[in-house]
> 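Before we start, here is the structure in question, set down as structure tokens.
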Amino acid sequence: MNWDDLRYFLAVAGEGSLSGAARALRVNPATVSRHVDALEERFAVRLFDRRQDGYGLTPAGEKLLGRARGIESEMFALGRSFDAEDRGLAGTVTVTSTESLTVPFLIRNLPLLEQRHPGIRLHLVNEYRMLNLSRREADVAIRLARPDQGDLSIRKIGVMGFGLYASPAYLAAHGAPQSVADLRNHRVVDWLDGFPENATVLWLRKQLGDVAPIFSTNPASARLAAARVGMGIALVPCMIAEGIDDVVRLLPDEPIPGVDLWLLVHRDLARLAKVRAVLDFIYDRAQAEADRIAGLCG
């Protein structure tokens with residue numbers, strides 16, 4: 001049996017459609033369809049009901065799903081066991097993080113990482129969704145929420161601080177809030193519904209109450225861009241606003257709750273030299289820049 005056929009079957013079962021599976025696997029839908037058809041031909045059964053709203057598992061598909069997940073786990077475990085053979089401080093390490101940390105923290109420190117470990121190359125992946133470390137979608141992850149499952153080594157590396165920002169043009173037209181309660185009288189930029197709730201998101205929505213935001217988007221850089229063009233007041237990580245001349249930080253003494261940052265790695269890879277070097281480097285830099293990350297530097 002072709003393992004790839006099972007891999008494509010699992011993607012369709014998980015995503016519920018050919019197009020979703022194609023996006024997850026970074027191939028075209030025709031490739032996904034071809035592998036699923038080959039698997040159905042191999043077993044001489046129909047594994048999916050093709051419906052207008054997507055692909056649903058048949059009883060035979062449900063039966064295969066449990067077995068296929070077990071095979072998948074064994075395949076990934078085998079891959080990790082080979083990957084965990086220490087080959088020294090050389091090679092590629094894939095790190096996944098949110099956009100809020102990639103540019104102002106990780107990329108900012110790349111020259112120092114290259115200086116310390118010239119044989120290591122980073123692949124940086126911006127993702128809000130939790131990439132699966134067990135499946136080697138990434139080697140190392142920095143996340144804003146602590147996962148509650150998985151065979152992971154988890155370490156808190158700091159707290160990301162947030163501030164309220166607006167453009168001088170907005171403040172000239174609408175004035176500045178005198179307190180957080182005054183935010184209900186202003187145009188405020190919010191996250192989209194469905195964004196993972198954390199203390200910072202809940203804090204802002206509590207201040208707004210029933211007042212609708214003027215604009216909503218998830219990327220911090222987009223919320224800051226909206227503030228820069230005068231759309232309204234945006235709550236963003238202080239790191240991404242530092243050095244930006246066309247926004248003003250508002251209510252800097254207001255205790256806005258921050259978000260804990262977690263450094264994650266699968267235990268099978270935690271002792272691999274190149275991965276350990278990246279983990280230690282990220283942790284050390286996070287401690288060195290703790291005040292900056294927390295938004296305490298102005």
Side-chain angles (χ1 to χ4, degrees), residues 1-85 87 91-99 102 121-143 147 149-152 192-196 218-219 264-269 272 274-275:
M1 185 188 302
N2 186 343
W3 156 242
D4 268 354
D5 292 343
L6 280 179
R7 188 164 63 93
Y8 283 85
F9 163 78
L10 285 167
V12 176
E15 299 292 335
S17 68
L18 291 181
S19 58
R23 285 192 298 271
L25 296 171
R26 299 180 182 179
V27 298
N28 61 62
T31 300
V32 179
S33 179
R34 186 169 62 251
H35 282 277
V36 171
D37 290 346
L39 197 58
E40 289 185 326
E41 184 177 347
R42 167 70 177 80
F43 287 119
V45 294
R46 188 164 48 86
L47 299 172
F48 292 102
D49 286 324
R50 278 77 165 169
R51 305 187 301 252
Q52 287 187 342
D53 62 345
Y55 273 45
L57 287 167
T58 65
E62 293 281 3
K63 183 176 181 179
L64 177 60
L65 181 62
R67 297 291 184 90
R69 282 175 173 165
I71 294 171
E72 180 188 46
S73 296
E74 290 298 321
M75 292 292 289
F76 284 122
L78 179 62
R80 290 193 304 270
S81 69
F82 288 132
D83 288 338
E85 294 178 3
R87 298 179 178 87
T92 300
V93 177
T94 301
V95 178
T96 177
S97 181
T98 63
E99 173 248 11
T102 298
R121 294 290 179 267
L122 285 193
H123 285 177
L124 297 180
V125 182
N126 283 335
E127 286 281 359
Y128 284 107
R129 71 182 181 94
M130 295 285 285
L131 293 188
N132 194 317
L133 298 185
S134 297
R135 295 182 177 182
R136 293 303 306 279
E137 292 181 338
D139 301 311
V140 174
I142 307 176
R143 283 293 172 234
Q149 60 184 0
D151 191 14
L152 304 175
L192 289 170
D193 288 339
F195 188 84
N218 287 335
L264 318 175
V265 64
H266 196 281
R267 293 187 188 278
D268 287 349
L269 300 182
L272 186 61
K274 65 179 182 180
V275 174

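Residues take their numbers from the sequence shown, with the count starting at 1.
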> Got a sec: does the CZ of R67 have more than 12 other heavy atoms crowding it under 6.0 Å?
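Result for CZ/R67: open.
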> Identify the heavy atoms of A22 and P29 that sit nearest to each other, and give their distance.
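What the structure gives for the nearest pair is CB-N, 3.7 Å.
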> Could you tell me the separation between the CG atom of D193 and the CG atom of N218, rounded to the nearest 0.5 Å?
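Going from the CG atom of D193 to the CG atom of N218 covers 9.5 Å.
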> Please check: side-chain N/O of K274 versus main-chain N/O of T92, any donor-acceptor pairing under 3.5 Å?
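Yes, K274 side chain to T92 backbone: donor-acceptor pair under 3.5 Å.
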> Tell me, with the steps shown, if V125 and V95 meet side chain to side chain contact (heavy atoms under 4.5 Å, CB included).
CA-CA 6 Å; V125 182; V95 178; over 6 Å; no
> Has the side chain of T96 got a donor or acceptor atom that lies under 3.5 Å from a matching backbone atom of A141?
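Absent.
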> How many angstroms lie between CZ in F9 and OH in Y55, if you round to the nearest 0.5 Å?
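Those atoms lie 13.0 Å apart.
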> Give a yes or no on whether a salt bridge exists between E40 and R34, defined as a side-chain N under 4.0 angstrom from a carboxylate O.
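The answer is no: the pair does not qualify as a salt bridge.
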> Roughly how far apart are R42 CZ and D5 CG, rounded to 0.5 Å?
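Separation between the atoms: 10.0 Å.
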> Would you say the side chain of L47 lies within less than 4.5 Å of the side chain of V36, judging by non-hydrogen atoms?
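No. Closest side-chain heavy atoms not under 4.5 Å.
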> Side chains of V93 and V140: does their closest heavy-atom pair fall under 4.5 Å?
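Yes, their side chains come closer than 4.5 Å.
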> Contact between L64 and L57 at the side-chain level, heavy atoms closer than 4.5 Å - yes or no?
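L64 vs L57: side chains apart.
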> For a quick check under 3.5 Å, do T102 and N126 share a side-chain donor-acceptor pair by atom type?
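Per modelled atom types, T102 and N126 side chains form a pair under 3.5 Å.
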> Any salt bridge linking D37 with R50? Criterion: basic side-chain nitrogen under 4.0 Å from a carboxylate oxygen.
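Yes.
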> Rounded to the nearest 0.5 Å, what separation is found between the CZ atom of R7 and the CG atom of L39?
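Nearest 0.5 Å value for the CZ-CG distance: 13.0 Å.
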> Measure from the side-chain N and O atoms of T94 to the backbone N and O of D139, and report whether any donor-acceptor pair falls under 3.5 Å.
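Such a contact is absent between T94 side chain and D139 backbone.
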> How long is the gap from OG1 on T31 to CG on L25, to the nearest 0.5 Å?
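One finds 9.5 Å between OG1 of T31 and CG of L25.
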> Got a second to check how far R51's CZ is from S17's OG, nearest 0.5 Å?
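Rounded to the nearest 0.5 Å, the CZ-OG separation comes to 11.0 Å.
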> For the residue pair Y8 and H35, categorise the inter-ring angle as parallel (less than 30°), tilted (30 to 60°) or perpendicular (more than 60°).
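The rings of Y8 and H35 lie parallel, inter-plane angle below 30°.
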